[in-house]
Amino acid sequence: MITNDVQLTGDIQTWLKSNPKGWRTSYVTYVPGIEIRNDSMTLNFSGEWAILNSKGLGKQVIKKVDTAEIKFLKAIKDKAEPNIGGDSLPLTPQR
């Protein structure tokens with residue numbers, strides 16, 4: 001279903017690489033906001049928080065983000081799949 005998953009993955013990787021600091025471990029369960037996921041990780045934006053669950057990390061980490069970052073990530077979601085239902089976006093094509 002994702003028509004632009006290669007670019008989407010690049011955009012998310014760029015965002016993660018440009019935001020290496022300020023993450024902390026969290027054991028709280030967060031309500032999904034804008035959710036971007038693939039087989040190895042889920043990146044959720046809920047309120048002012050980015051929540052990253054990654055198999056590579058083996059834990060959940062959170063970081064406070066500003067409104068501009070949330071708008072940027074929502075634009076990535078909308079660009080990749082403008083007609084997707086809800087705010088959950090897989091990074092890998094659905095079969």
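Note that the numbering runs from 1 along the sequence shown for the chain. Since this is a predicted model, take the numbers as computed values, not measurements.
Looking at E35 and N44, their side chains never bring a donor and an acceptor atom within 3.5 Å of each other.
Residues forming a side chain to side chain contact (heavy atoms under 4.5 Å, CB included) with T29 (at least two apart in sequence, or on another chain): none.
To the nearest 0.5 Å, the span separating CD on Q60 from OG on S54 amounts to 11.5 Å. Taking CG of L16 as the reference point, atom CG of L43 lies at 5.5 Å (rounded to 0.5 Å). Once rounded to the nearest 0.5 Å, the distance linking OG of S26 with NZ of K63 reads 15.0 Å. To the nearest 0.5 Å, the span separating CG on L52 from OG1 on T42 amounts to 8.5 Å.
Between K21 and N19 there is no side-chain heavy-atom pair separated by less than 4.5 Å. The shortest distance between side-chain heavy atoms of V65 and F72 does not fall below 4.5 Å.
Nearest heavy-atom pair, A50 versus F45, reported as atom, atom and distance to 0.1 Å: CB-CE2, 3.4 Å.
Under a 4.5 Å side-chain heavy-atom criterion applied to ILVMFWY residues, the cluster that includes I62 comprises V28, Y30, W49, I51 as well.
Among residues at least two apart or in separate chains, salt bridge (charged side-chain N to carboxylate O under 4.0 Å, His left out) pairs with a member in residues 43-57 are E48-K64.
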Checklist entry - Going through the checks in order, is the side chain to side chain contact (heavy atoms under 4.5 Å, CB included) test met by E69 and W15? => result CA-CA 9 Å; E69 290 174 300; W15 185 85; 3.6 Å; yes

